[in-house]
Amino acid sequence: GVQRQGCEALGNLSLNEEIRLAVAAKGGIDVVMNALAAHGSSVEVQTQGCEALGNISFNQENRVLVATKGGIDALLKAMGAHGSSVQVQEKGCEALRNLAFDAANRAPVAAKGGIEAVVKAIGAHESSEGVQRQGCEALGNLSLNEEIRLAVAAKGGIDVVMNALAAHGSSVEVQTQGCEALGNISFNQENRVLVATKGGIDALLKAMGAHGSSVQVQEKGCEALRNLAFDAANRAPVAAKGGIEAVVKAIGAHESSEGVQRQGC
């Protein structure tokens, strides 16, 4: 009880930027880590502990601290022990997502099995919008590293992101994160071929078509199409499937969005 409620309290307090720095400075990371270690069988403690580490890790300074103190291992242990828990998987993916915002954390997350854990979570909980959203964003952040994005593709990352986009077509959040993940994965030439072969062009255009009013979906969709079009073999398929019209429409509909204008142009 105390561990669960205490972790949740620290997690909620850490939604404030200044306060999360104080939580870290005053021993919050350590007690959350201890709670996770002492109550490995408790879904509630593992959920709240993962959420607390995730919220604490919104700060770059705290991301370094959480990783240094063994947070990556603790999160992966929680996710491995509670594969059937939607809550643990969602909060675990969210925390890994936040840690992977820091370039220095991407290689350790990948080396310790983070790609496999996230791919497994997305695959096991297709009906959970939260797991799909957080999982796609985690894979997207990890894929900002060149070597890691190759591993994401090799370990099924493209497939689970495609499935997330297909299963949650009405969710702006999943469509945004799915488009971003495909875009980041597609920074590699090898991956651009794979994404296109697996139907990525169609998935991106479908997302953009369904969410024309969403600045986020349009920006991330344009960015992903941009990356795919770096590959000469993808340009004709993008154009043939309606990519030119989709990008022109996005630019025209969101004139005030610097992101849409930049990625579209």
Side-chain angles (χ1 to χ4, degrees), residues 93 96-98 100-101 103 106 110 115 118-119 122 132-169 171-212 214-235 237-239 241-251 253-254 257-265:
C93 284
L96 292 174
R97 174 203 78 176
N98 290 350
F101 272 119
R106 291 169 196 152
I115 297 169
V118 174
V119 167
I122 298 173
Q132 304 299 301
R133 179 178 74 249
Q134 303 297 349
C136 285
E137 190 166 5
L139 292 179
N141 288 348
L142 287 167
S143 294
L144 291 169
N145 175 290
E146 184 171 0
E147 292 184 6
I148 294 172
R149 75 177 69 105
L150 288 170
V152 167
K155 295 179 180 185
I158 297 170
D159 298 303
V160 294
V161 171
M162 293 283 293
N163 289 342
L165 287 168
H168 295 271
S171 168
V172 171
E173 292 80 7
V174 174
Q175 298 299 298
T176 299
Q177 299 308 327
C179 288
E180 182 170 19
L182 289 183
N184 291 352
I185 290 168
S186 297
F187 275 114
N188 281 86
Q189 194 274 334
E190 304 96 311
N191 286 356
R192 287 194 282 272
V193 174
L194 283 173
V195 169
T197 301
K198 290 175 179 287
I201 298 169
D202 293 298
L204 292 165
L205 294 174
K206 185 176 181 181
M208 294 175 71
H211 299 281
S214 168
V215 173
Q216 294 81 5
V217 173
Q218 298 305 305
E219 178 180 345
K220 298 307 179 182
C222 284
E223 183 177 8
L225 291 174
R226 177 204 74 177
N227 290 350
L228 288 172
F230 273 119
D231 191 272
N234 286 336
R235 291 169 195 155
V238 169
K241 292 173 183 289
I244 298 170
E245 294 86 344
V247 174
V248 168
K249 186 175 181 180
I251 296 172
H254 299 283
S257 167
E258 181 184 345
V260 173
Q261 301 301 302
R262 182 178 68 253
Q263 301 298 346
C265 288

Could you check if a side-chain atom of [X] sits within less than 4.5 angstrom of a side-chain atom of [Y], using non-hydrogen atoms only?
X      : Y      : result
Val152 : Asn184 : no
Asp231 : Val193 : yes
Lys241 : Asp202 : yes
Leu225 : Leu205 : yes
Leu165 : Leu182 : yes
Val195 : Asn227 : no

Minimum-distance pair of heavy atoms, taken over all atoms of [X] and [Y]:
X      : Y      : answer
Ala100 : Leu142 : CB-CD2, 4.0 Å
Cys136 : Ala181 : O-CB, 3.5 Å
Ile122 : Gln132 : O-NE2, 3.0 Å
Pro237 : Ile201 : CB-CD1, 3.9 Å
Gly169 : His211 : O-NE2, 2.7 Å
Val161 : Gly178 : CG1-O, 3.5 Å

As an exercise, state the distance from [atom1] of [X] to [atom2] of [Y], rounded to the nearest 0.5 Å.
X      : Y      : atom1 : atom2 : result
Arg106 : Leu144 : CZ    : CG    : 4.5 Å
Glu173 : His168 : CD    : NE2   : 11.5 Å
Cys179 : Lys206 : SG    : NZ    : 12.0 Å
Ile185 : Arg149 : CD1   : CZ    : 9.5 Å
Gln218 : Lys220 : CD    : NZ    : 13.0 Å
Ser186 : Leu204 : OG    : CG    : 7.5 Å

### Task
Under the side-chain contact (heavy atoms from CB on, under 4.5 Å) rule, collect the residues that match up with Glu190, sequence neighbours excluded.
Leu150, Asn188

### Message
More than 12 heavy atoms of other residues, nucleotides or ligands under 6.0 Å from CD of Glu147: yes or no?
### Response
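Count not over threshold, so no.
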
### Task
Under the side chain to side chain contact (heavy atoms under 4.5 Å, CB included) rule, what do Cys93 and Arg133 come out as? Steps first, then yes or no, please.
CA-CA 9 Å; Cys93 284; Arg133 179 178 74 249; over 6 Å; no

### Query
Is a salt bridge present between Glu137 and Arg97, judged by a nitrogen-to-oxygen distance below 4.0 Å?
yes

